[in-house]
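Working notes, beginning with the structure itself.
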Number of protein chains: 2
Amino acid sequence: MLEWVERLAKYCSDQDGVPLIAGRVLGWLMICDPPEQSAQQIATAIGASRASLSTNLRLLSSVGFVRVLTKPASRTVYYRVDDDAWEKVVQRQIASLASLGNILHDGTPLAGPSPDRGGRLAAANEVFRWMQQIFDNAPPLPSSTRAAKE
Amino acid sequence: MLEWVERLAKYCSDQDGVPLIAGRVLGWLMICDPPEQSAQQIATAIGASRASLSTNLRLLSSVGFVRVLTKPASRTVYYRVDDDAWEKVVQRQIASLASLGNILHDGTPLAGPSPDRGGRLAAANEVFRWMQQIFDNAPPLPSSTRAAKE
DNA sequence: CATAGGTTTCATTGTTGACTGAAACATGCG
DNA sequence: CGCATGTTTCAGTCAACAATGAAACCTATG
């Protein structure tokens, strides 16, 4: 249970630069029952200070990974992971790669007209064209399919 | 010229956690003439200490982004960006996302059997299946095409 | 075998950013 | 109005890491 949370948190921290505690929050919110929990509940579950929770919950909701919801007749705020959180993660990674492709594309005219037989920038640009093409021909994301069902 | 290098370096540092100087080295090696340069040359080009160059060149070659090559009758070591460097970047990002998909998949049995009507983990797993499928149906990478040409 | 050009190691410095406790802040209830 | 519960802000600590200069380390060449 908590080991799995820690595994996900480690991924977030190592690979994506997300604060460790934010990763733990995400992990916990993916498997907790019920799916919506107060800052206090999360804090005790993952063993972090309330201050950290405040900071990280604000971060996570500002980037759209968790939803903030309030229940009637209760003054506590509940947090819940957004159903499309991981889709956003994937989309952002792809967008980030695309922008890297743009940078490299912009660099093409700068490369010296040297005996650089088709290497370097040409190879780089090919890769990003390849990626572009893949996503152009890709089926729609699951979320849009889900939305269309209604 | 150097502004472009800086732009790429900033991307590397901000988005990928690569040290700023390593990003500058990569950028410079993408557009310099000739394509292979000594640590000294790079150092003066991007304005960094030789110590930093040593550290970052070791890093970059250990992860396969730059090649180390020596010329006969010269004791200086030359560095050159690998033609497939950016392809590796893309591949690693994809692999990283796939491993994230695995983590989330492994979490599925942990989710409480609560009234979590198809949300959360199910949605997450859909996204990664979607991604998997895309790359399964994708054309081969440019590098393999290039290799086949010979 | 000494030297010179080039590269690496080492210890230090500076900066960044996560994390925390304590205090301040809001808000529903008696 | 005061209290209790829950959340946020603030200032400070601490660890991690990039970057550097200086010194040590090769190794071809004369």
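Residue numbers start from 1 in every chain, and the chains themselves are labelled A, B, ... in the order their sequence lines are given, proteins ahead of strands. Everything quoted here is computed from the prediction, not taken from an experiment.
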Q: Send over the distance from B/Q40 CD to C/dA4 P, rounded to a whole Å.
A: 17 Å
(Q) Tell me whether the side-chain N/O atoms of A/S54 come closer than 4.0 Å to OP1 or OP2 in D/dT7. (A) no
**Q.** Minimum-distance nucleotide (side-chain atoms of A/A39 versus C/dT7, D/dT7, D/dT20)
**A.** D/dT7
Q: Take atom NZ of A/K10 and atom P of C/dA18, then tell me their distance rounded to the nearest Å.
A: 16 Å
Q | Exercise: identify the closest heavy-atom pair between B/L57 and B/A39 | A | CD1-CB, 3.8 Å
**Q.** Protein-nucleotide distance (A/D14, atom CG; D/dA16, atom C1'), rounded to Å
**A.** 13 Å
Q: Round to a whole Å and report the spacing from OH of B/Y78 to C1' of C/dG5.
A: 12 Å
Q: Can you figure out which of C/dT8, C/dT20, C/dT9 approaches the side chain of B/R50 most closely?
A: C/dT8
Q: Select one nucleotide: of D/dA19, D/dA22, D/dT7, the one nearest the side-chain heavy atoms of B/N56.
A: D/dA19
**Q.** Length of the line joining B/L60:CG and C/dT7:C1', which is rounded to integer Å
**A.** 16 Å
Q.
Tell me if a side-chain donor or acceptor on A/Y11 pairs with a main-chain N or O of B/S99 at a distance below 3.5 Å.
A. no
Q | Nucleotide C/dA18, atom P - distance to CZ of A/R24 in whole Å | A | 14 Å
**Q.** Out of D/dA19, C/dC19, D/dT9, whichever nucleotide has its closest atom nearest the side chain of A/S52
**A.** C/dC19
(Q) Is it true that A/S52 and A/S49 share a donor-acceptor pair across their side chains at a distance under 3.5 Å? (A) yes
Q.
Let me spell it out: for each of A/R75 and A/S49, pick the nucleotide of DNA chain C with the closest heavy atom. Which residue's pick is nearer the 5' end?
A. A/S49
(Q) So if I take every side-chain heavy atom of B/L20 and compare against C/dG6, C/dT9, D/dA19, which nucleotide ends up nearest? (A) D/dA19
(Q) Classify B/I21 by what it touches in the nucleic acid, base, sugar-phosphate, or nothing, heavy-atom distance under 4.0 Å. (A) sugar-phosphate
Q) C/dT7 P sits how many Å from B/Q37 CD, rounded? A) 12 Å
Q: Grab the CG-C1' distance between B/L53 and C/dT8 for me, whole Å please.
A: 12 Å
Q) Does any N or O in the side chain of A/W86 come within less than 3.5 Å of the main-chain N or O of B/L121, such that one atom is a donor and the other an acceptor? A) no
Q) Considering heavy-atom distances to DNA chain C, does B/S38 or A/P19 have its closest nucleotide positioned more toward the 5' end? A) B/S38
Q. Is A/K88 paired with A/D84 through a side-chain N to carboxylate O contact shorter than 4.0 Å?
A. no
